Peer 1: 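Following this message is one structure expressed as structure tokens.
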Amino acid sequence: MNCYLGGMQIHIRDEQSLEYILPLKQSGQYQLTIRLVTVHLKTQPLLLTVSSANDENQCGKDLKAVFSIEVPYTVGEWALTAPVEMELTSGTNVLCFERQTPNFGLSIKELILTRTLPK
């Protein structure tokens, strides 16, 4: 859907899920931060599953990792989640975002993926 800030945004509610196909040239440690907005005091975590791509590119296939991302109450303003650290492989990765129902929905403006340096 259109975003009043320009560009697009995705709204997730009820039993909807979001699948994002992520091609990477380089394996390694990455941090994912999400720019999102919520308008309800009752928040629920966003469940993120990371999978290897397959012919169907379906969420939950060839599962590599599962993360629970705390969703802040943003009072209707765009805000960032805390970063989630994950190991990603070169090639195609599938990121799947889901929430438990019932929920009050949230909108996602941006996924920010940053490669981290080895420690």
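This is a predicted model, so every value here is computed, not measured. By convention here, the first residue in the shown sequence is residue 1.
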Peer 1: Considering residues at least two apart in sequence or located in another chain, which fulfil the side chain to side chain donor-acceptor pair (under 3.5 Å) criterion with Gln31?
Peer 2: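 Residues passing side chain to side chain donor-acceptor pair (under 3.5 Å) with Gln31: Glu85.
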Peer 1: Grab the two heavy atoms, one from Cys96 and one from Ser17, that are nearest each other, plus how far apart they are.
Peer 2: SG-CB, 4.4 Å
Peer 1: Got a sec, which residues hit salt bridge (Lys or Arg N to Asp or Glu O under 4.0 Å) with Glu87, two or more places apart in sequence or on another chain?
Peer 2: none
Peer 1: Is the backbone of Leu80 close enough, under 3.5 Å, to the side chain of Thr33 for a donor and an acceptor to pair up by distance?
Peer 2: no
Peer 1: Check whether any side-chain heavy atom of Ile34 sits under 4.5 Å from a side-chain heavy atom of Ile112, and report yes or no.
Peer 2: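 Counting from C-beta outward, Ile34 and Ile112 never come under 4.5 Å.
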Peer 1: Would you give the length of the straight line joining atom CZ of Arg115 to atom OH of Tyr30, rounded to the nearest 0.5 angstrom?
Peer 2: 4.5 Å
Peer 1: When rounded to the nearest 0.5 angstrom, what distance separates OG1 in Thr38 from OH in Tyr73?
Peer 2: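 Here the interatomic distance stands at 7.0 Å.
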Peer 1: So which atom in Met86 and which in Leu48 form the shortest heavy-atom distance, rounded to 0.1 Å?
Peer 2: CE-CD2, 3.6 Å
Peer 1: Give the minimum heavy-atom separation between Trp78 and Lys109, together with the two atoms involved.
Peer 2: CZ3-CB, 3.3 Å
Peer 1: In the single-linkage hydrophobic clustering (I, L, V, M, F, W, Y; side-chain heavy atoms under 4.5 Å), do Leu113 and Tyr20 co-cluster?
Peer 2: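 Same cluster: Leu113 reaches Tyr20 through Ile, Leu, Val, Met, Phe, Trp or Tyr contacts under 4.5 Å.
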Peer 1: Rounded at 0.5 Å granularity, tell me how far CG in Leu47 sits from CZ in Phe97.
Peer 2: 10.0 Å
Peer 1: Please say which of Leu111, Leu32, Leu95 ends up in a side chain to side chain contact (heavy atoms under 4.5 Å, CB included) with Leu22.
Peer 2: Leu95
Peer 1: Are the side chains of Thr81 and Val71 in contact, using a 4.5 Å heavy-atom criterion?
Peer 2: no
Peer 1: With distance as the sole test, does His11 use its side chain to make a donor-acceptor pair with the main-chain N or O of Leu106 at under 3.5 Å?
Peer 2: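 The answer is yes, because a donor-acceptor pair under 3.5 Å joins these two groups.
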Peer 1: Calculate, to the nearest 0.5 Å, the distance between atoms CG and CG belonging to Leu88 and Leu24 respectively.
Peer 2: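 Answer for the CG-CG pair, Leu88 versus Leu24, is 5.5 Å.
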Peer 1: In Å and rounded to the nearest 0.5 Å, what is the CD to OG distance from Glu19 to Ser51?
Peer 2: 8.5 Å
Peer 1: Begin with the C-alpha distance, continue with both residues' side-chain angles, and end with the deciding distance and a verdict on side chain to side chain contact (heavy atoms under 4.5 Å, CB included) for Val50 and Phe67.
Peer 2: CA-CA 8 Å; Val50 180; Phe67 302 93; 3.9 Å; yes
Peer 1: Considering non-hydrogen atoms only, spot the tightest contact between Leu36 and Pro72 and give its length.
Peer 2: CD1-CD, 4.1 Å
Peer 1: What distance separates Thr114 OG1 from Gln29 CD, expressed to the nearest 0.5 Å?
Peer 2: 12.5 Å
Peer 1: Between Ser90 and Gln26, is any pair of side-chain heavy atoms under 4.5 Å apart?
Peer 2: no
